[in-house]
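First the structure, in the form of structure tokens, and then the observations on it.
Note on naming: letters A, B, ... go to the chains in the order of the sequence lines (proteins, then strands), and numbering restarts at 1 for each one. The structure displayed is predicted, hence computed values, not measured ones. All values below were derived from every heavy atom in this structure, side-chain atoms included, with hydrogens, water molecules and symmetry-related copies excluded.
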2 protein chains.
Amino acid sequence: MTTKAATTRATILERAVDVASVEGLEGLTIGRLASELRMSKSGLFAHFGSKEELQLATIEAAAARFLREVIAPAQREPEGAARLRAYCEGYLDYLQRKVFAGGCFWAAAAAEFDDRPGPVRDAVRAGVLGWMGELEHQARIAGVGDAAELAFEAYSLGLGANTCWRLFADERGFKRARAAIERRLAELSMPPVAHGLGA
Amino acid sequence: MTTKAATTRATILERAVDVASVEGLEGLTIGRLASELRMSKSGLFAHFGSKEELQLATIEAAAARFLREVIAPAQREPEGAARLRAYCEGYLDYLQRKVFAGGCFWAAAAAEFDDRPGPVRDAVRAGVLGWMGELEHQARIAGVGDAAELAFEAYSLGLGANTCWRLFADERGFKRARAAIERRLAELSMPPVAHGLGA
DNA sequence: CCTACCGATCGGTAGG
DNA sequence: CCTACCGATCGGTAGG
């Protein structure tokens, strides 16, 4: 039954996403994944046809999980500043909730493939671009002058919090990222003239 | 001669650092490194004794390069705000100058090993901690209230610029990181009372 | 989805 | 620093 095959495929990919978030998309080996799932290597392999296709399918599954856990909940907030804040909060929450076993899947995949041209890099790029695009879009709606600048800052603070937490087991990165974002958002409600003070 | 062996070892490690910044410390294989350097695998291997020792030596060599290219030049500036700014500028410069073939060695190594306990992770941790510690130390001397917060922000913006540059070939991250840091440093010269406005 | 197998490459060793 | 080799694992295939 094609339904059963689809279920098996989904089971494989849920595990693949967590393995890849810890060991990387290259460290995600077919043999290891198969033995963890108590399947034969070739049985698992048949669902994808090549390691690259497995990597691409894993990225797709990670995107679906990120959408479900971070993007969609924030979309209950009205567009603009409220949704932008919800994205930032939601991202930090998603790290703390360990939605992926090894911290942010995208941060790991981006660092791993950012210098290796090919379909895998393109897929990672599309995922990260989508996230940064959402941040920028909401910043623009919120009336931020340089929305791309704010999106870059929010994105960067998320990366920093992820590194602090995974590398140092230091949860203070979450608080620090929140503080930086809140300070930045607070500035937005200041009258434009106030911005000239320090310049 | 022990001198010749040391020279060979240094040559190996210079290459290893660049390979690792692109392919990762796990993707740094002894066979590949040997063939690139036109050495036998076992000849290269003999310098280190295990792959883990090669990885640790590679991290050491990367630390020396980072010290030479980023830390040391900034240390010509007086301690405090000037040196903090020099660290940030120097870091962004070092990315643009392609001091490592694959962008920031530390960003790549941290993402790769942040979930894998062991000596390699410990060494990466020590390197990143040293960098963040420098930032925090100078922020403290500059009289910043929450020096750790500022160090976290500066560190994060560097990570973000690195990702933009490597993943998207987007140089605007450098400008954006500089803008964010300059805005933040500009706030520091404002009278304390001004900080209360947005709170 | 399985067993059985392929060539290539991995980290590492023996012996010089 | 070399040649020659080891067992294990890699991605992938044949055939069912």
Q. For A:Arg172, does the CZ atom have more than 12 heavy-atom neighbours from other residues, nucleotides or ligands under 6.0 Å away?
A.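 For A:Arg172, atom CZ is not crowded (no more than 12 foreign heavy atoms under 6.0 Å).
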
**Q.** First of B:Met39 and A:Ser50 reached from the 5' end of DNA chain D, by closest nucleotide
**A.**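 The answer here is B:Met39.
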
(Q) Using heavy-atom distances to pick each residue's nearest nucleotide on DNA chain D, tell me which of B:Ala46 and A:Ile30 is more 5'. (A)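 Looking at the nearest nucleotide for each, B:Ala46 comes out on the 5' side.
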
Less than 3.5 Å apart, which donor and acceptor atoms pair up between the side chains of residues 99-110 of chain A and the rest of the protein, not counting sequence neighbours?
none

(Q) For a quick check of understanding: with a heavy-atom distance under 4.0 Å over all strands, which category does A:Ser40 fall into, base, sugar-phosphate or nothing? (A)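 The residue A:Ser40 makes base contact.
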
Q: Scan A:Thr29 against the nucleic acid and name what it touches under 4.0 Å (heavy atoms): base, sugar-phosphate only, or nothing.
A: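 The residue A:Thr29 makes sugar-phosphate contact but no base contact.
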
Q | Stems formed with participation of DNA chain D [Watson-Crick or G-U wobble, under 3.5 Å, three or more pairs] | A |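 So the stems come out as C:1-16 with D:1-16.
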
Q. In this structure, which one of B:Gln138, B:Glu136, B:His137 forms a side chain to side chain donor-acceptor pair (under 3.5 Å) with B:Arg140?
A.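 When side chain to side chain donor-acceptor pair (under 3.5 Å) is applied between B:Arg140 and each of B:Gln138, B:Glu136, B:His137, only B:Glu136 qualifies.
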
Q: Taking only Lys NZ, Arg NE, NH1 and NH2, and the carboxylate oxygens of Asp or Glu, determine whether A:Glu14 and A:Arg9 approach each other closer than 4.0 Å.
A: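 Salt bridge absent between A:Glu14 and A:Arg9.
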
Q | A:Tyr94 six-ring face occupied by A:Arg97 cation (under 6.0 Å, within 45°) | A |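 No - A:Arg97 does not lie over the ring of A:Tyr94 by the 6.0 Å and 45° rule.
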
(Q) Tell me whether A:Leu95 shares a hydrophobic cluster with A:Val22, the cluster being built from Ile, Leu, Val, Met, Phe, Trp, Tyr side chains joined at under 4.5 Å. (A)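 No, A:Leu95 and A:Val22 fall in different hydrophobic clusters.
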
Q) What is the 5' to 3' range of DNA chain D, first to last nucleotide, that sits under 4.0 Å from any heavy atom of chain A? A)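 So the contact region on DNA chain D extends D:dC10 to D:dT13.
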
